There are 2 protein chains.
Amino acid sequence: MTRNAVSWDHYRAFLAVAETGSLSAAARQIGQTQPTLGRQIDALERALGLSLFVRSPAGLTLTEGGHDLLPDAQGMAAAAEALLRSASAGRDETAGVVRITASEIVGGAVLPPVVAALQAQHPGLVVELVLTNRSEDLLRRDADIAVRMVRPDQNAVIARQIGRVPLGLYAHEAYLARCGSPQTLADLSTHTVIGFDRNPAAARALEVGSGWDRRLFRFRSDSDLAQLAMLRAAGGIGVCQAPLASQWPELRPVLPDLVSFHLDIWLAMHEDQRRNRRVRVTFDHLAVALRAYVDLKTLPSASGSLE
Amino acid sequence: MTRNAVSWDHYRAFLAVAETGSLSAAARQIGQTQPTLGRQIDALERALGLSLFVRSPAGLTLTEGGHDLLPDAQGMAAAAEALLRSASAGRDETAGVVRITASEIVGGAVLPPVVAALQAQHPGLVVELVLTNRSEDLLRRDADIAVRMVRPDQNAVIARQIGRVPLGLYAHEAYLARCGSPQTLADLSTHTVIGFDRNPAAARALEVGSGWDRRLFRFRSDSDLAQLAMLRAAGGIGVCQAPLASQWPELRPVLPDLVSFHLDIWLAMHEDQRRNRRVRVTFDHLAVALRAYVDLKTLPSASGSLE
DNA sequence: TAGCTGTTATGCGCTTTTGCATAAGGGAGC
DNA sequence: GCTCCCTTATGCAAAAGCGCATAACAGCTA
């Protein structure tokens, strides 16, 4: 139909140069040579009739026009990687690569033992775990399976609601012994409260949920895992998922009757992967394990020590 | 990072062969020769360690393993085409290609005059219009702008609700003169009712909305445009969007008090295109025009004759 | 059965592209 | 200022890929 004179390899060259910032680095990345990539970029610019980079002795930097093309080139790369993943094993084997994306907390604190158990059962299974609180990935094939705290409302995506996770304020018993336990919300202003830094999504959620102010926080980080580490290091009072907190007896609820809310957990995969055995097996395993995690609720549990 | 021995051009060759069913046809499509594509498929199969096609004197047909890779290759192609679209004009020009997807009715009966007016204002603007009732396209870059009847609830997608379109039963006055006007719902069983054929989404919606049965329909088509044409040809009683029906005075409401429901209209575009002038201009134009369409409601209007 | 049209597979010559080697330019540290 | 390390650009030879021509096979029609 539309015969297209420009080679797809030129797009890959474009992406590699844009991401590395130089022909030489890009050549190292994709296993080619600097003159080759230079000529491919030349050819692409000629074919598109558009200047993509400004060249300098320090490397190449994207022009505005080139910047506009970057997301699409990334989309191509994501699809290419997904294709390689699909080809990494036969559809009937529980082997090959499965790429999972999850929120920081779930991916960093909940999934590792779950994945470990899964891999123990299936020695040929390779798992890639991407921690990000964005979630724009399934349709673009950035991942095969997504664990999300919002309903994935996309067509062509199979979503299963796992359950509802209660959240609350917690603190380490050592912290409470040192600084005392707040009895009212107002007491919090005299404590070290752990919270986000600049995360706009968190800011919006906070504003809606309560009249809290970011200035309340005496320790601020946009890394949920850093916040959790601070909490476990007896560094202050912070929000934690109840099933997670229940795994560490030294974490004690703070103002449990005054502060409590919840998040839904969703598991999602792409429709096309339904008949792919390794994705399906991973999906089902995650569903069972996350269901068990949710059911922990606030009960203490002896299992799963997490460094 | 991951050095990748397989050329992206091989993926394009794979896609073309899979979609056309033969090396020769694929070669014609993408402007290469049959021996070249044959060797590229060979190389790809060797690189993936996977048989993609079964070769026969009648052509090549996908194996199961090859079938699994097809969606990802299509994703690459969609991204490549989107990239070309982005490069088709400078970001400051209102020129180049904009690809719009819409439902059959909106795309086939509402948008053409709207697009015509837009193109009259911007001579350099090329519009591609894709009519489909599926809507899995924005994130995968199958289109730049989507007009949808459901809320596009995806991240990285900018959505604007245009309004609410009332729907009702209509018939041509010639039909009513010939067959009479039904006075009750029960009367419909003696009439020629126009409805869907096998569309599972429509079947589900019908089941929820009312106790209607597909057997009521004496003319069945899953093409909404064919249904509309039947309606305008005085062929029976069918559902129509009120603003659309109001443009043709010969269409008369049937049982307006007994049968009425509505659809929301949403306009959506990808976040990355926000600063792209031609997409932005098209988006805004569609927003205004569709708003005017919705506001027509049931008022007759003299404007816009549609063949 | 003969002939036509479609297909894939293969040998060969040539064009294209690649990689190597090198030149040339800019910045950091001494 | 000098050296070292990074970069891009270019000349040239070799290799890889491409297209042309052709062979071989299957299905359809007369």
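These numbers were taken from a predicted model, which means no experiment stands behind them. Naming convention: chains lettered A, B, ... in sequence-line order (proteins, then strands); numbering from 1 in each chain.
A distance of 10.5 Å separates CD1 in I30(B) from CD in E19(B), rounded to the nearest 0.5 Å. Considering CG of D42(A) and CZ of R55(A), their distance stands at 5.0 Å, rounded to 0.5 Å. Separation of atoms CD1 (I194(B)) and CG (L231(B)) is listed at 5.0 Å; rounding is to 0.5 Å. How far CD of Q40(B) is from CZ of F14(B): 13.0 Å, rounded to the nearest 0.5 Å.
No donor-acceptor distance shorter than 3.5 angstrom exists from the side chain of S221(A) to the backbone of F196(A), with no hydrogens or angles considered. Side chain of E45(B) to backbone of F53(B): a donor-acceptor contact under 3.5 angstrom is found. S22(B) places no side-chain N or O within donor-acceptor distance of the main-chain N or O of G59(B), the cut-off being under 3.5 Å. Distance alone, capped at 3.5 Å, places no donor-acceptor pair between the T101(A) side chain and the A143(A) backbone.
Across the protein-nucleic acid pair, Q34(B) atom CD and dC25(D) atom C1' stand 13 Å apart, rounded to whole Å. In this structure, Q40(A) atom CD and dT10(D) atom P are separated by 17 Å, rounded to whole Å. Distance CZ (R12(B)) to P (dG17(D)): 16 Å, rounded to an integer number of Å.
Nearest-nucleotide assignment on DNA chain C puts the 5′-proximal partner with H10(A), out of A58(A) and H10(A).
OP1 or OP2 of dG11(D) has not a single side-chain nitrogen or oxygen of R39(A) nearer than 4.0 Å. Residue R55(A) has no polar side-chain atom (N or O) positioned under 4.0 Å from OP1 or OP2 of dT7(D).
Within 6.0 Å of the CZ atom in R218(A), the count of heavy atoms belonging to other residues, nucleotides or ligands does not exceed 12. For H67(A), the NE2 atom sits in a loose shell: 12 or fewer heavy atoms of surrounding residues, nucleotides or ligands are nearer than 6.0 Å.
Remark: nothing in residues 15-26 of chain A comes within less than 4.0 Å of DNA chain C through any heavy atom. Residues from residues 41-49 of chain A lying near DNA chain C, meaning a heavy-atom separation below 4.0 Å, are absent.
Each end of the helix from dT1(C)-dA30(D) to dC30(C)-dG1(D) gets its own axis from five base pairs, and the two axes differ in direction by 30°, given to 10 degrees.
When DNA chain C is scanned 5' to 3' for any atom under 4.0 Å from a heavy atom of chain A, the first and last hits are dT18(C) to dG26(C).
For the residue pair S86(A) / D68(B), no side-chain donor-acceptor distance below 3.5 Å is found, with atom types taken as modelled.
Within the 4.0 angstrom heavy-atom criterion, no nucleotide atom of any strand lies near G38(B).
Every side-chain hydrogen bond (donor to acceptor under 3.5 Å, both in side chains) that R277(A) has, sequence neighbours left out, goes to T94(A).
The salt bridge (charged side-chain N to carboxylate O under 4.0 Å, His left out) contacts involving residues 58-67 of chain B comprise R91(A)-E64(B), where partners must be two or more places apart or lie in separate chains.
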